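Some notes on the structure that comes next.
Note on naming: letters A, B, ... go to the chains in the order of the sequence lines (proteins, then strands), and numbering restarts at 1 for each one. In this text, all values refer to a predicted model and were calculated from it rather than measured experimentally.
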Amino acid sequence: MAWTAVALAADLGVGDVAGTRIDGEEIALWRDAGGTPHAFEDRCPHRGMRLSFGFARGDRLACLYHGWQFDGAGRCRAIPAHPDLSPPATITLRRHRCVERAGLLWVAFAEAPPPADAPAWPVLSLFLDRPATTREPWRERIAGTPLLLAPQPRSPTQSAWHVVALAPPADAAALRAALHARRRALERFADEQPAASERRHAMAGSSHLRSAREAG
Amino acid sequence: MRTRDRVALDEWYAVASADELGPAPWPTRLLGEDITLARTPAGLAAHDAAGAPLPLRERYGLVFTTLGAPRGEIVEIAEAVEPDRRFVPCGWTLLRASGLRVVENFLDMAHFPYVHADILGAEPRTEVAPYRVEFRREADELWARGCRFWQPRAAATDTTGTMMEIDYRVPSPFVVMLYRVAPSQPHRRDCIALFIQPMEATLCRAVPLMWLADDISTHTAMLHFEQAIFLQDRVIVENQRPLALPLDPRAEIPTRADSSSVAYRRWLKEKGLRFGTAEWTGA
Amino acid sequence: MIGTLHDWELDDEAYKVRLGLALMGLAHARVAVDVRPGQETEAPAFRARNLLARLPLWEEPGGVALRDPQAILARLAWHHDPARRFWSEDPAQADWLFFAARELWAAREARQAALFGGPADHAPAARAALRLLEEHMADRGRDWLLGAAPCIADIACFPAFQLSRDWGLDHEEFPRLRRWARRLRALPGFLRMPGVPDHG
Amino acid sequence: MDERAAFRFAGRLVPASFAAFARHRAARLGLALERLEVEEAEARAVLRGPAWLLEAFVLALSLGPLDCLVTSAEREG
């Protein structure tokens, strides 16, 4: 499966910027003023700042550090430190393929036929402290509602499921409750594995907090 | 484990504020090694992880030590002995970043309108005018001179905005300073120094010290101004990729505004420093 | 001038009150307190006014003195804001104020440790609390914690989420909180603090 | 407004890696690299492009790839 779902389409509004990961690769997602979603390498080519900390300006994404602006094609369009100069077309960042299908945002690192589209109703994204067990989306009926569940391997120890309904949910509250219960059960199971290192990784930054403790 | 980077070892590092040390052992970390400080009846004492005593110096209200054999001295700051200076030590902050990234960020002006919006810079006045980089071979220091940047609120006293003039000084790899025209006493220069304690390659503590020419602001106003600025910078250096400072420029695109950044990396490369760089392999 | 806030720009608890004052547009006085490195909150003069020896501290001319940010927000929203725009009639407002005070306290501890060093690792508990908040927002499917309008519970819960990157927790796992925080940042009068941008 | 500029770099250079980096950087900045000669103690390059990008080129090359130590980077014409 070349395409990976990374978010519900409804969770990335116009002008939103968000960070995500596929197999540990950091990605900046953003949606431009025209409604088109984009997925960039989460790193400004200027000085390495994560672009997921940046901000959307119309049809461009600006880096928080020095305000360098990139258009939807990933091309640098403005360098504020040199406001009168126009950046050459060769200054670009790494951009991934990004499409909106079946109420989900999908990202691919390589060319592949786009995922199937279908009418869909947003449900929620579940973020799990356990690895993805599959890369293939699957269909399942939960609480009387037919669902599409699209897995996202985020890191060796963390994943997400992005869930949309393929028909208007019969009982939305029951559906969400069932999904949260599923997540809790899966994580409990993961906790029973000999996976101390997994939990350590699950908490980004905990290692520096431990070192901070040593610092007194 | 203590780094084997000789260049990093042979420097003095600020590791504590003098007034926070008491008789109780005070553990901290330097260049990958646990060290312990204390103030005993006989005076200040420190030892490394193996229990060997470490040399100590007290200056500017800070306690300095080294794990190696420094050839240089702790930086001389002339403003520190001017009696009418307002001395503002700003306290220590932890940063999950290479101390070298922190120095490089301190040298940078182009980020003012974005990271310190409406304080040290504001759109649309984002231009970085040309400035001069100087390698002072005799003192082994790096300077960036004649820097100018439009600042809407350069200091606690400033309410109208000013074209700020700044000189930057890097006296050693983990210490960085600036001199800027004092907004309320334009014939004098404020002095701000940042002392960094590299704990691990990508973890450090830092303490800003200021010697200001300012008869107007309260001590706390000057302190809070600087602390807010520093926390805004912390967001940046904790989220650069890689966290360590790349000495190889291939992955980045410096332009003229980044001259001081390039000069700093070149100076580190020439010294052979590796701890805290992206090229550091762990030994 | 309805009162005086004892404040530090870097303090996330005091920020709740600052933000509330700004959103409600209430004129007030501020006293800047040198918490670090001056330890003024530990000094007898401050302790005499707040036994907890921490920020915030809110004092009114009539003698009212409050130290819990949730309590101060409630006072501002009910008593001082004539239109009571940030007071919710929903009894759950109190529940979420206590959530901010109790469950999200771990986020404050985690941030303190990340910024200044400290003895305890509260990050897992803080993350767990933020996951509950995300779950609530996802189930609610509405714009604000209690429904159609922002209230003081939103203000009280906001800093713990917005500042989580200060202690190494990215916003990746919290799509609904991210959108909620963006809505909050767009409110008229919104006030930023270091770590809280007002753009985007 | 393009201009043509010649640069001279001196230092301890590893010719293959210095040349590869120079080509890479010229391409990154959209500059035409018209001539490049690299020896162990010095390198010369002639490029065409906008002045500020020529400046960015010489800046990046003054740091150089990791295995090279550039001691001076000057424009010759």
Query - Pair B/Phe195 + B/Phe64: ring centers closer than 6.0 Å - result: yes
Requested in this report: Assess whether side chain to side chain contact (heavy atoms under 4.5 Å, CB included) is satisfied between B/Lys271 and B/Asp140, documenting all intermediate values.
Outcome: CA-CA 10 Å; B/Lys271 285 178 175 298; B/Asp140 194 18; 2.6 Å; yes
Report summary line: Max heavy-atom pairs within cutoff under 4.5 Å with chain B, candidates D/Gly11, D/Ala60, D/Gly64, D/Ala56, goes to D/Gly64
Report task. Tell me, for B/Glu270 versus chain D, whether the close heavy atoms (under 4.5 Å) come from the side chain, the backbone, both or neither. Result -> both
Query raised in the report: Parallel under 30°, tilted from 30 to 60°, perpendicular over 60°: which one fits the rings of B/Trp143 and B/Tyr179?
Result: parallel
Query raised in the report: Tell me, do B/Arg250 and D/Leu66 make a side-chain contact under 4.5 Å, heavy atoms counted?
Result: no
Report summary line: Honestly, the part of D/Val70 sitting under 4.5 Å from a heavy atom of chain B is backbone
Query raised in the report: Considering only heavy atoms, which portion of D/Leu53 lies under 4.5 Å from any heavy atom of chain B: side chain, backbone, both, or neither?
Result: neither
